[in-house]
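Working notes for the structure below.
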Number of protein chains: 2
Amino acid sequence: MRAEDSDVRMRLLVAAKRLFARQGYDGTSVRQICEEAGANVALVSYYFGGKENMFQALFDTFFPKALIMEFVDRQVDPINGVKELVREVMRFHTTEPELVVLLNQEIALNSPRIDIIRRNAFPIWIKLRELLRQGREDGVFHFRSLDHTMMTVLGNVLFHKQRNYFLPILIGDSNDQEAAIEDSVDFVMRGLQANTDIISQ
Amino acid sequence: MRAEDSDVRMRLLVAAKRLFARQGYDGTSVRQICEEAGANVALVSYYFGGKENMFQALFDTFFPKALIMEFVDRQVDPINGVKELVREVMRFHTTEPELVVLLNQEIALNSPRIDIIRRNAFPIWIKLRELLRQGREDGVFHFRSLDHTMMTVLGNVLFHKQRNYFLPILIGDSNDQEAAIEDSVDFVMRGLQANTDIISQ
DNA sequence: GTCTATAAGCCGATAGAC
DNA sequence: GTCTATCGGCTTATAGAC
């Protein structure tokens, strides 16, 4: 098993990812998933043992555990660490948009699946907290509350996935993804009052 | 009609608001709402004409239309305008937390109810866009893309409602709500490279 | 591995009694 | 205004045939 991954199994996962992202977990039926995947209704039970377990399988398959672990273990100074974290997370949003939308829904709903998400995503946010804490200790960042600052930085990084909702009032002057990412990097650095002249890049 | 508001009708609305916020629109049944409100199952149809219309009634009842209209019509300079907008919206999150959570869910799901939300909320976001545009024109704000900057400022303001999800990795050093709001105001002003020495407060 | 057929239950909505 | 009883439809899940 792997690579072609039983084919049907992988088709079911891809269909589930797409439909969950579009309609939500509750709003998507096993029947729909199977129709989209061109598979029989009974095969969700056969391959995953139910809709619930399929959700877990979705993360095991598409969440970039290895990338996160590699980033978490890397040793960087706080400034370049936060910069790289902002970049990597924002880029992930364009490589796996459906998974990100699904994540966002489950978090908003505080769903029973939320611990599956936490288990997968928290290592990177703990790394962010540590970078901020270290940066303040080193005197390169300046802020009052670590909690509130972490939420603020996360907002800068993660909120852009709500873009679709605001589309009707956007004017369309931001098509360059990499430029947008660098704008966010700079915005965050200014917000943190980072001494970019100490260690720069 | 008004004030006691037929009592049962209002109890149904309050129950719906709470349960939708906790379990989502799809995840909450009309039966549950009526049980929570101590009312008969048939009364949702009687008072609102169905679950869908009840959602609309929720916004007609609890969304602060008047406050928003008053803010939108007020004439302020860009710097104090953005500052006040950040404050007012963040405060609203503490006065109507359940409605805000529900809003967030519907936006994340891109639900069929999303236009009801847009109709109610967009005036304030259009005001934000105008303040940012005017501020750049006046030379008090400095940024590349209006769209991306609006999304970034919105992220600073709105992302804090995701706080519950991140609770397990917060250290608990941010209990002062008003201090947190001022931190966000300052973060945003620095991010926008605002010339606070021109017009200050 | 894949299928059909069906079980058992919850959903929203309402007709009609009081 | 409030209730009970019920309808038709959809849900997840699975037993058993092939």
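Values in this document were obtained by computation on a predicted structure and should not be read as measured data. Numbered from 1 within each chain, the chains take letters A, B, ... in sequence-line order.
- When each of K83(B), R74(B), K127(B) is tested with E88(B) by the rule salt bridge (charged side-chain N to carboxylate O under 4.0 Å, His left out), just one qualifies, namely R74(B).
- Taking CZ of R91(B) as the reference point, atom CD of E178(B) lies at 4.5 Å (rounded to 0.5 Å).
- The aromatic rings of F166(B) and W125(A) sit perpendicular to each other, their planes meeting at more than 60°, with 30° as the lower class boundary.
- Distance, N53(A) CG to dT14(D) C1': 15 Å, rounded to whole Å.
- In this structure, CZ of R31(B) is placed 7 Å from P of dC11(C), rounded to the nearest angstrom.
- Look at CG on L43(A): it is 8 Å from C1' on dC3(C), rounded to the nearest Å.
- With distances taken from any side-chain atom of Y46(B) to the nucleotides dA13(C), dG1(C), dG1(D), the minimum falls on dG1(D).
- Protein atom CD1 of I33(B) is 8 Å distant from nucleotide atom P of dG12(C), rounded to whole Å.
- For Y47(A) and dT2(C), the shortest distance from a side-chain N or O to OP1 or OP2 is below 4.0 Å.
- The CD atom of E35(B) sits 14 Å away from the P atom of dC3(D) (whole-angstrom rounding).
- Rounded to whole Å, the distance from NZ on K51(B) to P on dA13(C) is 8 Å.
- The backbone N or O of H148(B) sits nowhere less than 3.5 Å from a side-chain atom of R163(A) that would complete a donor-acceptor pair.
- Nucleic acid contact for S29(A): sugar-phosphate only, since backbone atoms but no base atoms lie under 4.0 Å from a heavy atom of the residue.
- Contact between the side-chain N/O atoms of N40(B) and the OP1/OP2 oxygens of dT4(D) is found at a separation under 4.0 Å.
- With dT2(C), dG12(C), dT4(C) as the candidates, the nucleotide lying closest to the side chain of A42(A) is dT4(C).
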